[in-house]
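One structure follows; several queries about it will come next.
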Amino acid sequence: MENRRLGNSLIEVSPLCFGCNVFGWTADEEMSFRLLDGWIDAGFNFIDTADVYSRWHDGNEGGESETIIGKWLQRSGKRDKVVLATKFGMDMGDGKVGLSPDYMMRAVEDSLRRLKTDYIDLYQSHKDDENTPVDTTLEGYAKLIEQGKVREIGASNFSAERLKSALEASEEKGLPRYQSLQPLYSLVERDTYEGSLEDLCAAKNVGVIGFYSLASGFLTGKYRSEGDMKGRIRAPRVEKYVNETGFRVLDTLEKVAEKYSAKMGQVALAWLIARPSVTSPIASATNMDQLAELTAAAELTLDADDITEIDTASR
C-alpha cells in the first residue's frame, strides 16, 4: 500500500480515509478506540472528523467525535502516526457557524482542546459561507498556519465556482490554498463531483477525499428492499438509492465482487481509489469486521474492463 500526496502539500495520506462521524453515535467510545487502533495497526494514517459530529444524534451537542479521538490520542500516544483532519463552519448553535476569521479562531481552539493536540494536519471549511469573502477566510487560515496550529487547509461542499475563486485568491494574494476538497461522491452520487468540479481539482491538483463513499452502506448490498431498511438508523439516507439505477449498480458490484472473491463494498471503494482525480475516499466502520473489510479494499486492484463495466452501470 502506497501513500498519496495530498494536493500540492507535503502531507502523504493512505489511499483510504477513516470517517469518524460514527464516533459517539453508532460507535461508542470503547469501540471507537478499537477501530482507531485497528486502523493505524493496519498501516493506514488518515482520519477525518468535524466539530459538528455528531450533533444530530439525540442528546449530543457536537464535539463528541473529536472528544473521543482526543482521548484515544492521549491514551495511545499515536499522534505522530496520524494525519488528523477536522472541519468547522457547520451550525454548532448559539451563533457558532460560518467561515469568518473571528469564529475560526474560536472554533480551532475548541477543536484543539477536544482533540488534545496542539496542531491539526488538515483544517477544512465544512461548507461554503457566501457571507464571508473567500480571501477573508484564507487570511484567517494564514494566521493559524503561522501560529503552528494548522498545517494545511481544505474545503468541503464547495461549488466549482467558489473553489476556483478561492484558488485564484490564494495565487494572487499569496494566501494558503485549499489542498483538498471533500465532495459527496459515490457510485450512486456522481453528479455533484463529476464535471466542472472534478475537472478543476484535476487541473489544479486539489486532493479529493469524497464522503459517503459507500452511500451510507447501500453499496455494501445490505439494502435490497424497503424491508431491509426497517429499524435501520441509516434508512432515511438510503431510501433514495432503492430504485432501478441503484439495483443495477448493486448487481454489477456483486458480479465483479464474485470474480475477485471480494465484498461489494470493497469493489465500490476500489473503483473510487482507481479514479485518477481521487486521493483518498472516506469510509466508516462501526465494528471490527467492517474495519477488516475496509482495510482489505485498499489492496484490491480492479482491471480496466471491470472499472468500465461498473462505470457504465452507474451512469
Side-chain angles (χ1 to χ4, degrees), residues 1 3-4 6 9-55 57 60-90 92 104-126 141 144-145 147-154 156 179-180 182 207 209 211 279-280 282-288 290-292 294-295 298:
M1 181 175 65
N3 286 346
R4 299 172 168 189
L6 186 67
S9 76
L10 297 179
I11 293 177
E12 293 194 350
V13 298
S14 48
L16 263 180
C17 178
F18 191 92
C20 302
N21 62 317
V22 295
F23 296 168
W25 174 35
T26 49
D28 62 18
E29 184 174 295
E30 181 185 356
M31 177 54 69
S32 300
F33 284 6
R34 291 179 63 196
L35 291 165
L36 287 166
D37 282 329
W39 188 247
I40 301 303
D41 291 348
F44 295 79
N45 69 351
F46 200 14
I47 65 173
D48 176 78
T49 187
D51 57 5
V52 76
Y53 298 163
S54 48
R55 191 166 184 258
H57 185 55
N60 287 0
E61 57 185 27
E64 289 79 16
S65 175
E66 289 185 332
T67 297
I68 287 173
I69 293 168
K71 289 180 180 179
W72 173 77
L73 287 172
Q74 188 176 55
R75 191 197 70 169
S76 68
K78 293 178 180 177
R79 180 65 185 90
D80 62 336
K81 297 182 182 299
V82 174
V83 174
L84 177 58
T86 192
K87 303 180 284 291
F88 87 103
M90 289 287 192
M92 289 285 282
M104 181 191 295
M105 299 305 157
R106 293 171 55 199
V108 75
E109 294 300 335
D110 288 343
S111 286
L112 289 170
R113 184 185 70 253
R114 287 189 290 259
L115 291 164
K116 299 186 187 300
T117 184
D118 55 5
Y119 72 98
I120 293 163
D121 294 291
L122 180 67
Y123 201 35
Q124 302 159 95
S125 301
H126 203 158
Y141 278 128
L144 295 185
I145 292 172
Q147 293 167 359
K149 294 174 181 176
V150 170
R151 291 179 64 197
E152 298 287 354
I153 63 170
S156 178
Q179 299 289 8
S180 63
Q182 199 171 130
I209 49 177
F211 64 89
T279 305
S280 183
I282 300 169
S284 299
T286 57
N287 59 57
M288 299 308 289
Q290 290 177 1
L291 185 76
L294 284 190
T295 57

Item to check | Atom CD of Gln147 with >12 non-hydrogen neighbours under 6.0 angstrom | outcome: yes
Next on the checklist: One pair to check against side chain to side chain donor-acceptor pair (under 3.5 Å): Asn60 and Ser54. What are the steps and the verdict?
Outcome noted: CA-CA 6 Å; Asn60 287 0; Ser54 48; 2.8 Å; yes
Next on the checklist: Within the structure provided, determine whether Asp121 and Arg79 are in side-chain contact (heavy-atom separation under 4.5 Å).
Outcome noted: yes
Item to check | Beyond-backbone contact of Leu291 with Arg34, side-chain heavy atoms, under 4.5 angstrom | outcome: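 They are not in side-chain contact.
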Item to check | Charged N-O contact under 4.0 Å between Glu109 and Lys149 | outcome: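 Yes, charged N to carboxylate O under 4.0 Å.
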Checklist entry - Are side-chain N/O atoms of Asp37 and Ser76 paired as donor and acceptor at under 3.5 Å? => result no
Item to check | Contact summary for Leu35 and Met288, nearest pair of heavy atoms | outcome: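 Minimum heavy-atom separation between Leu35 and Met288: CD2-SD, 3.9 Å.
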Checklist entry - With a 4.0 Å cut-off, would you call Lys78 and Asp41 a salt bridge? => result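 Looking at Asp41 together with Lys78, the answer is yes, because their closest N to O distance falls below 4.0 Å.
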Next on the checklist: Is there a side-chain contact between Asp28 and Met31 in this structure, where contact means two heavy atoms from C-beta onward sitting under 4.5 Å apart?
Outcome noted: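 Contact flag for Asp28/Met31 side chains = yes.
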Item to check | Gap between atom CE of Met104 and atom CG of Leu144 - 0.5 Å precision | outcome: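 Answer for the CG-CE pair, Leu144 versus Met104, is 6.0 Å.
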Checklist entry - To the nearest 0.5 Å, how far apart are CD1 in Ile68 and OG1 in Thr49? => result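 That separation rounds to 9.0 Å.
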Item to check | Ile282 to Gly19 - nearest heavy-atom pair and separation | outcome: CG2-CA, 3.5 Å
Checklist entry - Which heavy atom of Phe46 sits nearest a heavy atom of Ser280, and at what distance? => result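 Where Phe46 meets Ser280 most closely, the heavy atoms are CD2-OG, 3.5 Å.
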Checklist entry - When you look at Leu73 and Leu36, which way does the side-chain contact (heavy atoms from CB on, under 4.5 Å) test go after all the steps? => result CA-CA 9 Å; Leu73 287 172; Leu36 287 166; over 6 Å; no
Item to check | side-chain contact (heavy atoms from CB on, under 4.5 Å) assessment of Tyr119 paired with Arg151 | outcome: CA-CA 7 Å; Tyr119 72 98; Arg151 291 179 64 197; 4.0 Å; yes
Checklist entry - Can you name the closest pair of heavy atoms from Ser111 and Glu66 and give their distance? => result OG-OE2, 2.9 Å
Checklist entry - Which pair of heavy atoms, one from Ile11 and one from Ser9, lies closest together, and at what distance? => result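 Scanning both residues completely, I find the closest heavy atoms to be N-OG, 3.1 Å.
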Next on the checklist: Working to the nearest 0.5 angstrom, can you tell me the gap between Ile69 CD1 and Ser32 OG?
Outcome noted: 8.5 Å
Checklist entry - Got a second to check how far Thr86's OG1 is from Arg114's CZ, nearest 0.5 Å? => result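 Going from the OG1 atom of Thr86 to the CZ atom of Arg114 covers 8.0 Å.
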Item to check | Heavy-atom check, side chain of Asp110 versus side chain of Met92, under 4.5 Å | outcome: no
Checklist entry - To the nearest 0.5 Å, how far apart are CD1 in Ile120 and CD in Glu152? => result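 That separation rounds to 13.0 Å.
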Next on the checklist: If we ignore hydrogens and angles and just use 3.5 Å, is the side chain of Asn45 paired with the main-chain N or O of Val83 as donor and acceptor?
Outcome noted: no
Next on the checklist: We want to know whether Thr26 and Thr286 form a side-chain donor-acceptor pair, criterion being a heavy-atom distance below 3.5 angstrom.
Outcome noted: no
Next on the checklist: Would Arg55 and Met90 count as a side-chain contact (heavy atoms from CB on, under 4.5 Å) here? Give the steps.
Outcome noted: CA-CA 10 Å; Arg55 191 166 184 258; Met90 289 287 192; over 6 Å; no
Item to check | Nearest-0.5 Å distance, CD of residue Gln290 to CG of residue Asn287 | outcome: 4.0 Å
Item to check | CA sep, side-chain torsions, deciding dist, call: Ser156, Gln124, side chain to side chain donor-acceptor pair (under 3.5 Å) | outcome: CA-CA 7 Å; Ser156 178; Gln124 302 159 95; 5.8 Å; no
Item to check | Sequence-distant partners of Tyr123, ring-ring contact (aromatic ring centres under 6.0 Å, His included), two or more places apart | outcome: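 For Tyr123 the ring-ring contact (aromatic ring centres under 6.0 Å, His included) partners, ignoring immediate neighbours, are Phe88.
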Item to check | Any Thr279 side-chain heavy atom under 4.5 Å of Ser180 side chain | outcome: no
Item to check | Heavy-atom pair with the smallest gap, counting every atom of Trp39 and Cys17 | outcome: CZ2-C, 3.8 Å
Next on the checklist: Leu112 vs Thr117, test: side-chain contact (heavy atoms from CB on, under 4.5 Å). Steps then yes/no.
Outcome noted: CA-CA 6 Å; Leu112 289 170; Thr117 184; 4.0 Å; yes
